[in-house]
Number of protein chains: 2
Amino acid sequence: MQNQQAPEMSCPVAPVVDLVFSRWTTPILWTLNFDGRQRFSELERRIETITPKVLTERLRQLERDGLVSRTYHREIPPRVEYQITELGSSLAPLFAQLAHWGTAHLPDVEQARLSYDA
Amino acid sequence: MQNQQAPEMSCPVAPVVDLVFSRWTTPILWTLNFDGRQRFSELERRIETITPKVLTERLRQLERDGLVSRTYHREIPPRVEYQITELGSSLAPLFAQLAHWGTAHLPDVEQARLSYDA
DNA sequence: CAGCATCCTGTTTGATACTG
DNA sequence: CAGTATCAAACAGGATGCTG
């Protein structure tokens, strides 16, 4: 978490960033939104390089913030499913816009970097 | 910087997040966008808790990425002005949407946290 | 299976002092 | 004024081993 509490006074975007755009949260929300409800190990496989510890931490945080819900099935072996909430999916248009900006402007950024480094 | 290179494979939003939403960048871009061109010390005062070292680092990064431009005026005392670029201001609608989502849903998040902690 | 506990590490951030 | 240099602190992240 980044704790942008001070800057948020001058920037209304900061608290949202803190909430949604800390490390690993976007891939988690993205896959839960597009690939639907998933088990812990499915998430682990989809996000590839994440470790179980960190995945757990992020899921707990997202659950606490109401963006993701967790369902524990008392079976043997145990089964846990994660699902995006309504609040979480209200971010979808935002994500779409962000992805769109990326495809439109990331090449410009790359170009700027090349110029700067030269 | 967060380096979300791996996750970006499964999440097109991640690279944009890396670029725009690392710590301190949103307040900087926000004020440059809304309050216009500013000198180093003006930014320092507006963002309050930021240190000159970190402000410099972030401005350099934003400059390299083409989101901000820097103009050095060779005077005594020296004067430097920072300004958002066209590329940078193309983020404005995104920021507006983010701020809008915040006012609409941040209370829900707060509520979710209260429930969770209980 | 889905985690938690513990330890450990590198990076990021900040405090402080100084300069062209 | 607009930074830079140096040092110290904080924290996120990873490795490993264990369990209901």
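Excluded from the calculations below are hydrogen atoms, water molecules and symmetry mates; all remaining heavy atoms, backbone and side chain alike, are included. Below, chain A is the first sequence line, B the second, and so on; all start at residue 1.
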>> Protein within reach of the bases, or only the backbone? For nucleotides 14-20 of chain D, mark each nucleotide 5' to 3' as B, S or -, using heavy atoms under 4.0 Å.
In response: BB----B
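- The pair A/Arg46-A/Glu48 does not meet the salt-bridge criterion, since no charged nitrogen lies less than 4.0 angstrom from a carboxylate oxygen.
- Rounded to an integer number of Å, the gap from CD1 of B/Ile47 to P of D/dA2 is 14 Å.
- B/Gln38 and B/Thr31 form a side-chain donor-acceptor contact under 3.5 Å, judged by distance and modelled atom types alone.
- No donor-acceptor pair under 3.5 Å is formed between the side chain of B/Ser69 and the backbone N or O of B/Thr85.
- Note that CG of A/Leu29 and SG of B/Cys11 are 8.5 Å apart. Values are rounded to the nearest 0.5 Å.
- Looking only at side-chain heavy atoms (C-beta outward), B/Asp117 and A/Arg64 come within less than 4.5 Å of each other.
- The distance from atom CD of A/Glu44 to atom C1' of C/dG3 is 10 Å, rounded to the nearest whole Å.
- Under the 4.5 Å side-chain heavy-atom criterion for ILVMFWY residues, no single connected hydrophobic cluster contains both B/Leu114 and B/Leu106.
- Side-chain N/O atoms of B/Thr56 include none lying less than 4.0 angstrom from OP1 or OP2 on D/dG3.
- Atom P of nucleotide D/dA12 and atom CG of A/Asp18 are separated by 11 Å, given to the nearest angstrom.
- If you check the side chains of B/Gln61 and B/Arg58, you find a donor sitting under 3.5 Å from an acceptor.
- Protein atom CZ of B/Arg79 is 13 Å distant from nucleotide atom P of D/dC1, rounded to whole Å.
- The side chain of B/Tyr82 contributes an N or O atom lying less than 4.0 Å from OP1 or OP2 of D/dG3.
- When rounded to the nearest whole Å, the span between CG of B/Leu59 and P of D/dT4 equals 10 Å.
- Side-chain nitrogen and oxygen atoms of B/Arg60 include at least one within less than 4.0 Å of the OP1 or OP2 phosphate oxygen of D/dT4.
- The local environment of CD in B/Glu86 is sparse, with at most 12 non-hydrogen atoms from other residues, nucleotides or ligands closer than 6.0 Å.
- The side chain of B/Arg70 contributes an N or O atom lying less than 4.0 Å from OP1 or OP2 of D/dG3.
- The aromatic rings of B/Phe40 and B/Tyr82 lie tilted to each other, with the angle between the two planes from 30° to 60°.
- In the helix from C/dC1-D/dG20 to C/dG20-D/dC1, the terminal helix axes, each the rotation mapping four pairs' C1' atoms onto the next four within five end pairs, subtend 60°, rounded to 10°.
- Taking atom CG of residue A/Leu55 and atom P of nucleotide C/dC4, one finds them 11 Å apart after rounding to whole Å.
- Among the protein residues, B/Arg74 comes within range of no part of the nucleic acid, since none of its heavy atoms lies under 4.0 Å from any strand.
- As rounded to whole Å, 12 Å separates atom P of C/dG3 from atom CD of A/Glu57.
- The shortest distance between the side-chain N/O atoms of A/Arg39 and the OP1/OP2 oxygens of C/dA2 is below 4.0 Å.
- Evaluation of the ring pair (Phe, Tyr, Trp, His ring centres under 6.0 Å) test over residues 96-118 of chain A, restricted to residues two or more places apart or in two chains, returns A/Trp101-A/His105.
- Here C/dC1 presents its P atom at 16 Å from CD of A/Gln38, a figure rounded to the nearest Å.
- OP1 or OP2 of C/dT13 lies within a sub-4.0 Å distance of a side-chain N or O belonging to B/Arg58.
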